[in-house]
Amino acid sequence: MISVEDVRAAEERIKGRVRRTPLLEAGPSTFFKLEYAQHAGSFKTRGMFNQILAAGPIPPAGVVVASGGNAGLAAAYAAGRLGVPAEVFVPETAPPVKVAKLGKLGARVTQVGAEYAEAAAASAVHAEQTGALFLHAYDDPGMVAGNGTLGLELLDDLGFDTVLVAVGGGGLAAGVAAALADRPVNVVGVEPENCPTLRGALDAGAPVDVPVGGVAADSLGARRIGLLPYQIMVLTGMASLLVDDPAIVEARRRLWDDYRIVVEHGTAAAYAALTSGAYRPADGERVVVLLCGANTNPGDLA
């Protein structure tokens with residue numbers, strides 16, 4: 001399990017290597033945490049730096065990770081700054097904008113399979129064959145604790161009641177929940193109806209495979225939630241809200257129209273909880289929406 005102390009240790013470990021991202025007051029009692037401005041375009045850079053640094057000496061083969069895009073970008077960025085080789089396995093359906101950026105960051109890219117789970121299986125085989133350090137995109141103590149540093153920043157910057165966070169594999173939501181576990185704050189997981197990993201696990205009483213599809217599958221398309229994130233979510237009493245694809249598309253468009261913020265669909269899912277009415281704050285409730293990734297093609301927002 002991950003404690004607040006683990007998150008604070010991660011904060012010290014990655015200090016000076018990640019950006020402290022800003023907070024925007026979006027309206028009465030509503031705030032956006034602009035984590036999409038993080039290095040490599042998503043929160044995962046926090047977790048990847050912590051995961052690599054906590055592992056100790058890196059083997060000559062470097063690191064390997066499977067990703068829908070963002071974890072790979074984060075791993076490639078962190079590995080490049082630390083001077084170690086990185087290989088990233090992504091599904092054949094990964095957005096071209098993410099694949100191109102992986103190459104620019106110096107990673108070797110292998111595309112395999114139609115979804116994240118197939119790329120993950122191939123990356124595990126590669127790690128076994130080469131001795132490379134396997135980095136998990138979400139189900140790893142170092143990854144979860146590193147992601148949780150975002151929650152500590154929120155505590156420094158603002159008094160708030162609720163955090164809305166998109167859930168795929170669960171590494172961000174679990175990290176934030178761990179960081180805020182000793183505070184009277186409600187962390188709410190928001191999931192696409194087409195990728196309901198947390199809801200599926202809560203219904204079954206354990207992580208289970210769920211169908212993967214829809215507009216947010218490139219970043220929230222894990223087939224099942226990570227065991228460690230799930231355990232943290234259950235321990236902290238996290239709820240799951242579901243939003244459909246039209247609500248996600250509309251929330252992404254409104255972020256652009258109203259704030260000139262460009263994010264990927266998976267990120268927009270968190271905001272969709274508010275814009276669709278899936279989450280209705282009480283009077284005076286101070287809500288933070290985590291805008292966690294922006295590795296997307298903005299062409300359809302013009």
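Remember, predicted model here, so these are calculated numbers, not experimental data. Position 1 is the first residue of the sequence, and the numbers go up from there.
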Participant: Taking only residues two or more places apart in sequence, or in another chain, which ones meet Asp156 in a salt bridge (Lys or Arg N to Asp or Glu O under 4.0 Å)?
Facilitator: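 With sequence neighbours excluded, Asp156 shows a salt bridge (Lys or Arg N to Asp or Glu O under 4.0 Å) to Arg20, given in chain and number order.
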
Participant: With salt bridge (Lys or Arg N to Asp or Glu O under 4.0 Å) as the rule and sequence neighbours excluded, what pairs involving residues 195-205 come up?
Facilitator: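 Checked against salt bridge (Lys or Arg N to Asp or Glu O under 4.0 Å) - neighbours excluded - no pair reaches residues 195-205.
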
Participant: Begin from the C-alpha positions of Phe160 and Leu180 and carry the test side chain to side chain contact (heavy atoms under 4.5 Å, CB included) through to its verdict.
Facilitator: CA-CA 11 Å; Phe160 57 97; Leu180 304 178; 4.1 Å; yes

Participant: To the nearest 0.5 Å, tell me how far Gln51 CD sits from Asn147 CG.
Facilitator: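 These two atoms lie 9.5 Å from each other.
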
Participant: Please, which pairs that meet side-chain hydrogen bond (donor to acceptor under 3.5 Å, both in side chains) have at least one residue in residues 169-190, sequence neighbours excluded?
Facilitator: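 Sorted pair list comes back empty.
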
Participant: Minimum heavy-atom separation for Asn295 to Ala40, with atom names?
Facilitator: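 Heavy atoms of Asn295 and Ala40 come nearest at ND2-O, 3.0 Å.
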
Participant: Could you go step by step and tell me if Val7 and Thr149 meet the side chain to side chain contact (heavy atoms under 4.5 Å, CB included) rule?
Facilitator: CA-CA 6 Å; Val7 180; Thr149 61; 4.2 Å; yes

Participant: Within the 4.5 Å heavy-atom criterion, are Asp140 and Leu135 side-chain neighbours or not?
Facilitator: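 They are not in side-chain contact.
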
Participant: Drop me the distance from Leu158's CG to Arg286's CZ, to the nearest 0.5 angstrom.
Facilitator: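 Taking CG in Leu158 and CZ in Arg286, the distance rounds to 5.0 Å.
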
Participant: Side-chain contact test, heavy atoms from C-beta onward, threshold under 4.5 Å: evaluate it for Ser240 versus Thr197 and give yes or no.
Facilitator: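 Side chain of Ser240 against side chain of Thr197, heavy atoms only: no contact under 4.5 Å found.
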
Participant: State plainly whether one hydrophobic cluster holds both Ile248 and Val188, where clusters connect Ile, Leu, Val, Met, Phe, Trp and Tyr through side-chain heavy atoms under 4.5 angstrom apart.
Facilitator: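 Yes, Ile248 and Val188 fall within the same hydrophobic cluster.
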
Participant: Could you pull out all residues at least two apart from Tyr271 that satisfy ring-ring contact (aromatic ring centres under 6.0 Å, His included)?
Facilitator: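 Partners of Tyr271 under the ring-ring contact (aromatic ring centres under 6.0 Å, His included) test: Phe32.
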
Participant: Does a side-chain heavy-atom distance below 4.5 Å link Val190 with Tyr279?
Facilitator: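 No; the side chains remain at least 4.5 Å from each other.
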
Participant: Can you list everything that forms a ring-ring contact (aromatic ring centres under 6.0 Å, His included) with Tyr138? Sequence neighbours excluded, please.
Facilitator: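 By the ring-ring contact (aromatic ring centres under 6.0 Å, His included) rule, Tyr138 matches Tyr116, His136.
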
Participant: Got a sec, which pairs hit salt bridge (Lys or Arg N to Asp or Glu O under 4.0 Å) with one end in residues 262-284, sequence neighbours left out?
Facilitator: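 Listed once each, the pairs are Lys98-Glu264.
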
Participant: With a cut-off of under 6.0 Å to the ring centre and 45° to the axis, is Arg260 in cation-pi contact with Trp256?
Facilitator: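 Satisfied, under 6.0 Å and within 45°.
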
Participant: Under the side-chain hydrogen bond (donor to acceptor under 3.5 Å, both in side chains) rule, what pairs show up with a residue in residues 106-115, not counting sequence neighbours?
Facilitator: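 The answer is Glu87-Thr110, Glu115-Arg223.
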
Participant: Would Leu24 and Val263 show up in the same hydrophobic cluster when neighbours are defined by side-chain heavy atoms closer than 4.5 Å?
Facilitator: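 In one cluster with Leu24: Val263, yes.
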
Participant: Does Ser3 offer a backbone N or O that forms a donor-acceptor pair with the side chain of Asp6 under 3.5 Å?
Facilitator: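 Answer holds: yes.
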
Participant: Could you tell me whether a side-chain N or O of Glu285 sits under 3.5 Å from a main-chain N or O of Thr162, the two making a donor and an acceptor?
Facilitator: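 Checking the backbone N and O of Thr162 against the side chain of Glu285, no donor-acceptor pair under 3.5 Å is found.
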
Participant: Decide yes or no for Pro196 and Leu242: does some side-chain heavy atom of the first lie under 4.5 Å from some side-chain heavy atom of the second?
Facilitator: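 They are in contact (side-chain heavy atoms under 4.5 Å apart), so the answer is yes.
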
Participant: Specify the closest pair of heavy atoms between Ala76 and Leu105, including all atoms of both residues, with the distance to one decimal.
Facilitator: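 Closest pair (atom of Ala76, atom of Leu105, distance): CB-CB, 3.9 Å.
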
Participant: I'd like to check Leu172 versus Cys292 (side-chain heavy atoms, cut-off strictly below 4.5 Å). Are they in contact?
Facilitator: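 Counting from C-beta outward, Leu172 and Cys292 do come under 4.5 Å.
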
Participant: Is the shortest side-chain heavy-atom distance between Leu82 and Phe49 below 4.5 Å?
Facilitator: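 Yes, side chains in contact.
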
Participant: Go through the side-chain N and O atoms of Thr275 and Glu250 and say whether any donor and acceptor fall under 3.5 Å apart.
Facilitator: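 Result is no, nothing qualifies.
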
Participant: Between the side chains of Gln38 and Thr21, does any donor sit under 3.5 Å from an acceptor?
Facilitator: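 The answer is no; no qualifying pair exists.
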
Participant: Side chains of Ile261 and Leu34: does their closest heavy-atom pair fall under 4.5 Å?
Facilitator: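 Counting from C-beta outward, Ile261 and Leu34 do come under 4.5 Å.
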
Participant: Answer yes or no: is there a side-chain heavy-atom contact under 4.5 Å between Asp218 and Thr93?
Facilitator: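 No, too far: nothing below the 4.5 Å cut-off.
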
Participant: Please find the pair of heavy atoms, one from Asn50 and one from Gly146, that lie closest to each other, and give the distance.
Facilitator: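 Answer, listing the atom of Asn50 first, then Gly146: ND2-N, 3.6 Å.
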
Participant: Give a yes or no on whether Glu92 atom CD has more than 12 heavy-atom contacts from other residues, nucleotides or ligands under 6.0 Å away.
Facilitator: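 Yes - once you tally the heavy atoms of other residues, nucleotides and ligands closer than 6.0 Å, there are more than 12.
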
Participant: Considering only Ile, Leu, Val, Met, Phe, Trp and Tyr, and joining two whenever side-chain heavy atoms are under 4.5 Å apart, list the other residues clustered with Val4.
Facilitator: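 None; Val4 is a cluster of one.
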
Participant: Output yes when Glu5 and Arg8 qualify as a salt bridge under the 4.0 Å nitrogen-oxygen rule, no when they do not.
Facilitator: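 No, Glu5 and Arg8 are not salt-bridged.
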
Participant: Do Val90 and Leu73 sit in one hydrophobic cluster, given that two such residues count as connected whenever their side-chain heavy atoms are within less than 4.5 Å of each other, even indirectly?
Facilitator: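 Same cluster: Val90 reaches Leu73 through Ile, Leu, Val, Met, Phe, Trp or Tyr contacts under 4.5 Å.
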
Participant: Backbone N or O of His126 within a donor-acceptor pair of the Thr130 side chain at under 3.5 Å?
Facilitator: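 The answer is yes, because a donor-acceptor pair under 3.5 Å joins these two groups.
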
Participant: Which atoms form the tightest heavy-atom contact between Ala166 and Gly266, and what is the distance?
Facilitator: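 Scanning both residues completely, I find the closest heavy atoms to be CB-O, 3.4 Å.
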
Participant: Please report the interatomic distance OH(Tyr36) to CG(Leu255), rounded to the nearest 0.5 Å.
Facilitator: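 The CG atom of Leu255 is 8.5 Å from OH of Tyr36, to the nearest 0.5 Å.
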
Participant: I need the full list of salt bridge (Lys or Arg N to Asp or Glu O under 4.0 Å) pairs touching residues 33-50, with sequence neighbours left out, sorted by first then second residue.
Facilitator: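 Residue pairs with at least one partner in residues 33-50: Lys33-Glu153, Glu35-Arg46, Arg46-Glu153.
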
Participant: Would you compute the distance between atom CG of Asp300 and atom CZ of Arg253 and round it to the nearest 0.5 angstrom?
Facilitator: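 If I round to the nearest 0.5 Å, the distance is 12.0 Å.
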
Participant: Shortest non-hydrogen contact from Gly221 to Cys195?
Facilitator: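 Scanning both residues, the minimum pair turns out to be CA-SG, 4.3 Å.
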
Participant: Taking a hydrophobic cluster as the set of Ile, Leu, Val, Met, Phe, Trp and Tyr residues connected by side-chain heavy atoms closer than 4.5 Å, whether directly or through intermediates, do Ile58 and Tyr77 fall within one such cluster?
Facilitator: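 Same hydrophobic cluster.
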
Participant: For residues Val63 and Ile14: do they belong to one hydrophobic cluster (side chain heavy atoms under 4.5 Å, members Ile, Leu, Val, Met, Phe, Trp, Tyr)?
Facilitator: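 Hydrophobic grouping puts Val63 with Ile14.
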
Participant: Which residue pairs pass the salt bridge (Lys or Arg N to Asp or Glu O under 4.0 Å) test when at least one of the two sits in residues 224-247, sequence neighbours left out?
Facilitator: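 Those involving residues 224-247 are Asp209-Arg224.
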
Participant: Taking all non-hydrogen atoms of both residues, which atom of Ala137 and which atom of Met143 are closest, and how far apart?
Facilitator: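 Reported closest heavy-atom pair: O-CE, 3.4 Å.
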
Participant: Identify each donor-acceptor pair in which a side-chain atom of residues 225-234 lies under 3.5 Å from a protein atom, sequence neighbours left out, and give them as a table.
Facilitator:
{"residue": "Tyr230", "atom": "OH", "partner": "Gly205", "partner atom": "O", "Å": "3.3"}
{"residue": "Tyr230", "atom": "OH", "partner": "Ala206", "partner atom": "N", "Å": "3.4"}

Participant: Who passes salt bridge (Lys or Arg N to Asp or Glu O under 4.0 Å) against Glu11, sequence neighbours left out?
Facilitator: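 Counting only residues at least two positions away or on another chain, Glu11 forms no salt bridge (Lys or Arg N to Asp or Glu O under 4.0 Å).
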
